[in-house]
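Reviewing the structure listed below.
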Amino acid sequence: MVCTVSTPLLIDTDPGNDDAVLIALALASDEFDVIGLTTVAGNETIGNTTRNARSVLELLDRTDVPVAEGCGRPLVDEPNTADVHGPGGLYGAVPEPGVEPIEDHAVRFVLDQVRRYGDELRLLAVGPLTNVALALAIEPELPEMIDGIHVMGGAATTTGNVTPAAEFNFHHDPAAASRVVQDGTPSVVGLDVTDRATVPAGEIEELARGDEPGRSIACWLAYASHDELLAGLDESRDRFSVHDAVVIADLLGDVLTFEDYYLEIDTSGGPSHGSVVCDTRGVTGRDPNATVAVEIDTEEFRSVLFDTLDELV
Ligand code: RIB
Ligand code: CA
């Protein structure tokens, strides 16, 4: 067991521009010790998400953080990718990575860190939950062994962003999301709150006028190239929701309000495939299996975001 001053953090991720913002925040904060990144296919292929994770670490001069490559496809469904993250899945002037991923598979790495850090460890999962579901299948006691599993995913009480009913991460691998919800007693931060985690165009454009890494972070915040930023952003564009960053912003500040609910994930293959069935009225009589974010203080989110990024830019 390793004793650390700051909280050990393991991030399972599919970078992805908003993933990259979360990684930057985690590295900028002295409250957390980022002990590793594990990658999963989602926004992009596993090759691209693993390259992007390493490129973000290269840009932020943190190649000391190990990257373990994970699952390249969902447990059951056919893979697809998102189309909002730009060529290769990441905007900004990110360098080619200079450090290879470690030999161990992501799931092996997660299990080793769980046993190494125990109840100090926080696991953030901000892509499809394939790696986390497999780790839970191998080590069912995982949730009791660590401080918690914090997920960005789902739309518990709102509409989806990839189908009318389903959010991207859960829709990409519904079987994995179902396992994590049923076995992982997760904290679930979904579109219910992350849709309102927006950043004003003016603040992004100001960041873009500075030096690196701020310029690339501005591109990640706006899901846009630097040229687009310099040309001026359309204030009305609603693509500024920095979904994944909300998970860590809430660990850094008092950003979210949670309620405990019983959740199921629809894996039926129909029009609501991958959606969250949230028992807000308690009609199932089932005990809650997740704590779900239901409210966000957007101004607090923005101040935590920029106060923390100030450490980097
Ligand atoms: O629906 C938002 C989620 O899908 C985020 O994690 C984003 O990175 C994409 O993976
Ligand atoms: Ca993501």
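Quick caveat, the model's predicted, so the values are computed rather than measured.
A donor-acceptor pair under 3.5 Å is formed between the side chain of Asn52 and the backbone N or O of Gly88. Formation of a donor-acceptor pair under 3.5 Å by the Gln113 side chain with backbone atoms of Tyr117 is not found in this model. The backbone N or O of Ser6 lies less than 3.5 Å from no partner atom in the side chain of Asp33, so there is not a single donor-acceptor pair. Here the side chain of Thr158 pairs no donor or acceptor atom with the backbone of Asp192 at under 3.5 angstrom. Checking side-chain atoms of Thr298 against main-chain N and O of Arg196 turns up a donor-acceptor pair under 3.5 Å. Checking side-chain atoms of Asp14 against main-chain N and O of Asn43 turns up a donor-acceptor pair under 3.5 Å. Between the side chain of Arg302 and the main chain of Thr198, a donor-acceptor pair closer than 3.5 Å is present.
Evaluation of the side-chain hydrogen bond (donor to acceptor under 3.5 Å, both in side chains) rule for Gln182 yields Ser178 as partners, not counting sequence neighbours. Glu103 meets the salt bridge (Lys or Arg N to Asp or Glu O under 4.0 Å) test with no other residue; sequence neighbours excluded. Qualifying side-chain hydrogen bond (donor to acceptor under 3.5 Å, both in side chains) partners for Thr163, counting only residues two or more places apart in sequence or in other chains: none.
Considering only heavy atoms from C-beta on, Glu96 stays 4.5 Å or farther from Glu58 through its side chain. Considering only heavy atoms from C-beta on, Thr157 stays 4.5 Å or farther from Val294 through its side chain. You'll find the side chain of Val277 stays beyond 4.5 Å of the side chain of Tyr262, heavy atoms only. The closest side-chain heavy-atom distance from Tyr261 to Asp279 is not below 4.5 Å. Side-chain contact between Leu305 and Val21 is present, with heavy atoms from C-beta onward closer than 4.5 Å. Put simply, the side chain of Leu124 does not reach to within 4.5 Å of the side chain of Phe32, judged on heavy atoms.
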May I have the list of side-chain donor-acceptor pairs in residues 131-148 shorter than 3.5 Å, sequence neighbours left out?
unit_1: Asn131; atom_1: OD1; unit_2: Cys71; atom_2: N; d: 2.9
unit_1: Asn131; atom_1: ND2; unit_2: Asp12; atom_2: OD1; d: 2.8
unit_1: Asn131; atom_1: ND2; unit_2: Thr39; atom_2: O; d: 2.9
unit_1: Glu139; atom_1: OE1; unit_2: Arg115; atom_2: NH2; d: 3.3
unit_1: Glu139; atom_1: OE2; unit_2: Glu141; atom_2: N; d: 3.1

Which atom pairs, one a donor and one an acceptor, fall under 3.5 Å between side chains of residues 250-259 and the rest of the protein, sequence neighbours left out?
unit_1: Asp250; atom_1: OD1; unit_2: Val255; atom_2: N; d: 3.4
unit_1: Asp250; atom_1: OD1; unit_2: Leu256; atom_2: N; d: 2.9

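Counted by atom type alone, Arg54 and Thr63 present zero donor-acceptor pairs between their side chains at under 3.5 Å. Of the N and O atoms on the side chains of Ser225 and Asp227, not one donor lies less than 3.5 Å from an acceptor on the other residue.
Classification of the His273-His171 ring pair by plane angle, with boundaries at 30° and 60°, yields perpendicular.
Within a 6.0 Å radius of CG in Asp211, no more than 12 heavy atoms belonging to other residues, nucleotides or ligands are found. Within 6.0 Å of the CD atom in Glu206, the count of heavy atoms belonging to other residues, nucleotides or ligands does not exceed 12. In this structure, Arg286 places its CZ atom where only 12 or fewer heavy-atom neighbours from other residues, nucleotides or ligands lie under 6.0 Å away.
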| task | Test side-chain contact (heavy atoms from CB on, under 4.5 Å) on Asp77 and Asp173 and set out the steps. | result | CA-CA 6 Å; Asp77 290 40; Asp173 195 341; 5.5 Å; no
| field | From CA spacing to verdict: side-chain contact (heavy atoms from CB on, under 4.5 Å), Tyr223, Asp18 | value | CA-CA 8 Å; Tyr223 300 79; Asp18 56 327; 3.3 Å; yes
| said: Using the rule given for side-chain contact (heavy atoms from CB on, under 4.5 Å), can you reason through Val67 versus Ile102, listing the C-alpha separation, both sets of side-chain angles and the distance that settles it, and then say yes or no? | reply: CA-CA 6 Å; Val67 175; Ile102 63 170; over 6 Å; no
| task | Take Leu22 and Thr13, measure what side-chain contact (heavy atoms from CB on, under 4.5 Å) needs, and give me the verdict at the end. | result | CA-CA 10 Å; Leu22 177 144; Thr13 180; over 6 Å; no
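Among all heavy-atom pairs drawn from Val188 and Gly153, the shortest one is CG1-O, 3.4 Å.
The salt bridge (Lys or Arg N to Asp or Glu O under 4.0 Å) contacts involving residues 60-73 comprise Arg62-Asp64, Arg73-Glu78, where partners must be two or more places apart or lie in separate chains.
When each of Leu9, Ile35, Thr7 is paired with Leu121, the side-chain contact (heavy atoms from CB on, under 4.5 Å) condition holds for Ile35 and for no other.
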